[in-house]
Amino acid sequence: MGSLFRSEEMALCQLFLQSEAAYACVSELGELGLVQFRDLNPDVNAFQRKFVNEVRRCDEMERKLRYLEKEIKKDGIPMLDTGESPEAPQPREMIDLEATFEKLENELREVNQNAEALKRNFLELTELKHILRKTQVFFDEQEGGLNHTTESMTRALITDEVRATGASMGPVQLGFMEKSNEREDYLPCFVAGVISREKLPAFERMLWRACRGNVFLRQAMIESPLEDPTNGDQVYKSVFIIFFQGDQLKTRVKKICEGFRATLYPCPEAPADRREMAMGVMTRIEDLNTVLGQTQDHRHRVLVAAAKNLKNWFVKVRKIKAIYHTLNLFNLDVTQKCLIAECWVPLLDIETIQLALRRGTERSGSSVPPILNRMQTFENPPTYNRTNKFTKAFQALIDAYGVASYREMNPAPYTIITFPFLFAVMFGDIGHGAIMALFGLWMIRKEKGLAAQKTDNEIWNIFFGGRYIIFLMGVFSMYTGLIYNDIFSKSLNIFGSHWHVSYNKSTVWNNKMLQLSPATSDYEGTPYPFGMDPIWQVATSNKIVFQNAYKMKISIIFGVLHMIFGVVMSWHNHTYFRNRLSLIYEFIPQLVFLLLLFFYMVLLMFIKWNRYAATNKMPYTESCAPSILITFIDMVLFNTPKTPAQGCEVYMFWGQHFIQVVFVLIALGCIPVMLLGKPIKIMQARKLANVQPITGADAEVGGMSNGGGGGGHGGAGHHDEEEMSEIFIHQGIHTIEYVLGSVSHTASYLRLWALSLAHAQLAEVLWTMVLSIGLNKEGWYGGVFVTVVFAFWAILTVGILVLMEGLSAFLHTLRLHWVEFQSKFYLGQGYAFQPFSFDSIIENGGSASGDAE
């Protein structure tokens, strides 16, 4: 069987490389992405390996590139991404790359430092400009009324004790003693500065409390925000001026300003000096604007030049780092001239790998060819399933449950059909399926452009990764929608209904409920050509009853067939791994148990549909049709069926009672076979070998446990090291799980019916409660109203029925595959093949260590 249905055959190989050719050969293998290297130095610290210095140099280069990337993104410069992946540079090119990155980083840091210093200087000058403007009003007041202003400010700064004795002290003086005693030339002491607006209330309270009210504060807001030179944030600030008396208060005020990170600036007292300073500040601001513009232009040119090559630089550095990290997994031989590696490779790709090694040797100029030897091992190889862009999403669904054991049957190819089909059974609607299919088709048609965007939005990445699943789910939903004859809760009358109304017009109008009988001429006698007859759309009283019976039965039918298919898949596993014990004592009784009970119930449904009809005569009319559920319960419990109505028969066919008793007895007999058959055979084999426990003696003794695949080359050895008591316990658990699971899993498939019914009813509610209201309006305003209502209905349809109901149906379908289907044959106890691949390393953002190992 091909690799599509099982994982690739793997081989453990030993690789010998000359030291001078090792880098080029590993580079070629990284481009190929088909080799998973093993760490031959697990006990060696990461900092003590041979190529640790090269890895550190790559880390330093990555740090510089991340710094450049951050600066480029800060300026909003687009980075050129051609989508091409340059080859890994030669080791000697590392020096040139390091020099280039060092030069760029130093130049950019120097430009940033200069720009920050200029911005800080610009901020200081801007704040000083605002101080000179805002404080001018205080001095204008002083010049307009010197005596009044000085006296009022002075009185405000004097304590009560001083005010009480003020009459004997003469005029109150504010200022320093060395100033003139002439009142006209004597001004109060003050400081002026700028503080963040949000700190101003606390600053004012602190001044009042610390200085006991002996200061006079005036403040004014700066309307436009100022740029913080450190982080570029916009900050709102206010100008303040504080008047006080004495050196002690001056010291205290300055400390409070320092504590609140307020910036103090010199403010001359003389108007001429203030005007002169303001003119000088404006001149310096204009000069600074010019210099800042030139600095920003130079920085922009540097970043634009770097942005053109940044993506390629990242790819080159990450490839170099990945190569050296991989080389650290190798061993050195005694002569220190040869590197030895061990790796897992797909058996079919060994020739391709050898060609890549030969190319690497030729590129390095080495004269000694590399040697690739296949090794024999008892280890379980990694699981490698080849995928393409179509099968990748389906394989991801399987791997999310568990990576398949080596060479175990892969459910992914079958899931491509069964997953969207079971989803569509729950989501059957032509309109909703068309919306989903069109969305998936749009992503498929635009996949190259959408993939190149590389967004970090996880929800979008999930949708885009599953675009083929979404498309198939939509297409299958359209098919089941045709079967249900359901489009936005309405029906399509494509072929014409096969039912006819025999009542006259007055009877139809005067009776709320009328009945059409299939036994009369109301029914043509032949079913609707495809899907459900549209007449059921108007059968409001028994439409749900009819659909319930129909959808419930097809849910059980699909569920039983799905589980039988899962059990048959275990046969492929047992035969492939030559596990004769599991084939005889697990597969056969499991299949017989499922067929004789649940598949027989499915056959009863078809017999009932085929034998009973309204047009048949007694005892096969529709009134004599028995309940399949009651029949099945009576069969399992050996109950005597109830006496049917007059003219009807108890059983559907001759010999039914005898057949049912035999089927139940055989099914019950399969339980002890599943429970004891395999453990007893294992015990007998151990006694014959006269070894307790044996190790690898008989391939039939080992292998897969209940319904699963073996792990390893041949599937043997699973029970070799287990005690007999543990084998009996495990087999008992598996048997109970299968028997009870057969019942619960069959009932679990009823979710197909439940969600299908819920989806149809929600669609009908939206139509009845929303859209039909708009359609019933008449007149010109009816057109406007129906437009609004249609928009609201469309939003609810997409948001609730397509997205939310679609997600619900998706999760239920996933559960049916993981639990009900895969539990019959799939172990999922392997580990994934993680080849050394440059593509995956670059896609994961440079996490080279995890990929290389």
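Residue numbers start at 1 and run along the sequence shown.
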| task | Decide yes or no on side chain to side chain contact (heavy atoms under 4.5 Å, CB included) for Asn309 and Thr100, but give the supporting numbers first. | result | CA-CA 11 Å; Asn309 301 310; Thr100 303; over 6 Å; no
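- Other residues, nucleotides and ligands place more than 12 heavy atoms under 6.0 Å from the CD atom of Gln18.
- Within a 6.0 Å radius of CE in Met206, other residues, nucleotides and ligands contribute 12 heavy atoms or fewer.
- No donor-acceptor pair closer than 3.5 Å links the side chain of Arg467 to the backbone N or O of Glu447.
- In this structure, CG in Leu104 is found 9.0 Å from CG in Leu65, a value given to the nearest 0.5 Å.
- Judged by distance alone, with hydrogens and angles left aside, the side-chain atoms of Asn114 form a donor-acceptor pair with the main-chain N or O of Glu110 at under 3.5 Å.
- Side chain of Arg49 to backbone of Asn41: a donor-acceptor contact under 3.5 angstrom is found.
- When side chains are defined from C-beta on, Glu227 does not count as touching Leu123, because their heavy atoms never get closer than 4.5 Å.
- Applying the 6.0 Å contact sphere to CD of Gln248 captures no more than 12 heavy atoms from other residues, nucleotides or ligands.
- Between Trp460 and Phe464, the two ring planes are parallel [angle under 30°; tilted spans 30° to 60°].
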| task | Starting from the C-alpha separation in whole Å, work towards a yes-or-no answer on salt bridge (Lys or Arg N to Asp or Glu O under 4.0 Å) for Arg120 and Glu124. | result | CA-CA 6 Å; Arg120 189 175 288 109; Glu124 292 173 355; 5.8 Å; no
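- Under 3.5 Å, the side chains of Thr391 and Asn388 contain a donor-acceptor pair of N or O atoms.
- Nearest heavy-atom pair, Gly360 versus Ala24, reported as atom, atom and distance to 0.1 Å: O-CB, 3.3 Å.
- Counting only distance, with no hydrogens or angles, the side chain of Ser840 and the backbone of Phe836 share no donor-acceptor pair below 3.5 Å.
- Contact check for Phe122 versus Ile285: side-chain heavy atoms found under the 4.5 Å cut-off.
- Nearest heavy atom pair, residue Arg197 against residue Pro201, reads O-CD, 3.8 Å.
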| request: Please report the C-alpha distance between Leu357 and Glu28 in whole Å, then the side-chain angles of each, then the deciding distance to 0.1 Å, and finally whether the side chain to side chain contact (heavy atoms under 4.5 Å, CB included) criterion is met. | output: CA-CA 7 Å; Leu357 291 171; Glu28 290 291 337; over 6 Å; no
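- Using a 4.0 Å cut-off between charged nitrogen and carboxylate oxygen, Glu71 and Lys74 count as a salt-bridge pair.
- Here the shortest heavy-atom pairing between Glu116 and Pro229 reads CG-O, 3.6 Å.
- When side chains are defined from C-beta on, Glu60 counts as touching Arg63, because their heavy atoms get closer than 4.5 Å.
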| said: Assess the residue pair Glu87 and Arg363 against the criterion (salt bridge (Lys or Arg N to Asp or Glu O under 4.0 Å)); give the C-alpha distance rounded to whole Å, side-chain angles, the decisive distance to 0.1 Å, and a yes or no. | reply: CA-CA 12 Å; Glu87 291 186 356; Arg363 199 175 72 179; 3.6 Å; yes
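- In this structure, CZ on Phe243 lies 14.5 Å from CG on Leu249, to the nearest 0.5 angstrom.
- One distance of note links CG of Leu17 with SG of Cys25; it measures 5.0 Å at 0.5 Å rounding.
- Side-chain contact check for Ile469 versus Leu397: some heavy-atom pair is nearer than 4.5 Å.
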| task | Please lay out, stage by stage, how Phe203 and Ile242 fare under the test side chain to side chain contact (heavy atoms under 4.5 Å, CB included). | result | CA-CA 12 Å; Phe203 176 65; Ile242 306 171; 3.9 Å; yes
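- Across all their heavy atoms, Pro268 and Asp273 have their closest contact at CB-CB, 3.5 Å.
- Note that the CE atom of Met61 and the CD1 atom of Ile320 stand 5.0 Å from one another [nearest 0.5 Å].
- How far CH2 of Trp313 is from CZ of Phe101: 6.0 Å, rounded to the nearest 0.5 Å.
- Minimum interatomic distance between Gln36 and Gln834 (heavy atoms only, all atoms of both residues): OE1-N, 2.8 Å.
- In this structure a side-chain-to-backbone donor-acceptor pair under 3.5 Å is missing from Arg318 to Glu62.
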| task | Check step by step if side chain to side chain contact (heavy atoms under 4.5 Å, CB included) holds for Glu98 and Lys64. | result | CA-CA 9 Å; Glu98 284 176 315; Lys64 293 173 182 176; 5.7 Å; no
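- For CZ of Phe439, the number of neighbouring non-hydrogen atoms (other residues, nucleotides, ligands) closer than 6.0 Å is greater than 12.
- Rounding to the nearest 0.5 Å gives a distance of 6.5 Å between CG of Asn214 and CD of Gln245.
- Shown here for Val52 and Ala46, the closest heavy-atom pair between the two residues is CG2-O, 3.6 Å.
- Ring pair Phe330/Phe37: centre-to-centre distance below 6.0 Å.
- With contacts defined as side-chain heavy-atom distances shorter than 4.5 Å, the pair Ile323/Phe838 qualifies.
- Counting non-hydrogen atoms of other residues, nucleotides and ligands closer than 6.0 Å to CD of Glu458 gives a total of 12 or fewer.
- At least one side-chain heavy atom of Ser85 sits less than 4.5 Å from a side-chain heavy atom of Ile842.
- The existence of a salt bridge linking Arg109 and Glu105 is confirmed by a sub-4.0 Å separation between a basic side-chain nitrogen and an acidic carboxylate oxygen.
- Between the side chain of Thr295 and the backbone N or O of Val291, at least one donor-acceptor pair lies under 3.5 Å.
- A 4.5 Å side-chain heavy-atom check between Phe314 and Glu69 finds at least one atom pair inside the cut-off.
- For CD of Gln296, the number of neighbouring non-hydrogen atoms (other residues, nucleotides, ligands) closer than 6.0 Å is greater than 12.
- The closest donor-acceptor contact from the side chain of Asp233 to the backbone of Asp228 lies at 3.5 Å or more, if one exists at all.
- Within a 6.0 Å sphere centred on CZ of Phe390, other residues, nucleotides and ligands contribute more than 12 heavy atoms.
- Summarising the local packing, CG of Leu807 is surrounded by more than 12 heavy atoms from other residues, nucleotides or ligands at distances under 6.0 Å.
- Remark: Thr352 pairs with Leu32, Asp349 by the side chain to side chain contact (heavy atoms under 4.5 Å, CB included) rule, at least two apart or across chains.
- A 4.5 Å side-chain heavy-atom check between Tyr324 and Arg57 finds every atom pair outside the cut-off.
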Donor-acceptor pairs under 3.5 angstrom involving side-chain atoms of residues 253-266: please list them, not counting sequence neighbours.
{"residue": "Tyr265", "atom": "OH", "partner": "Glu127", "partner atom": "OE1", "Å": "2.4"}

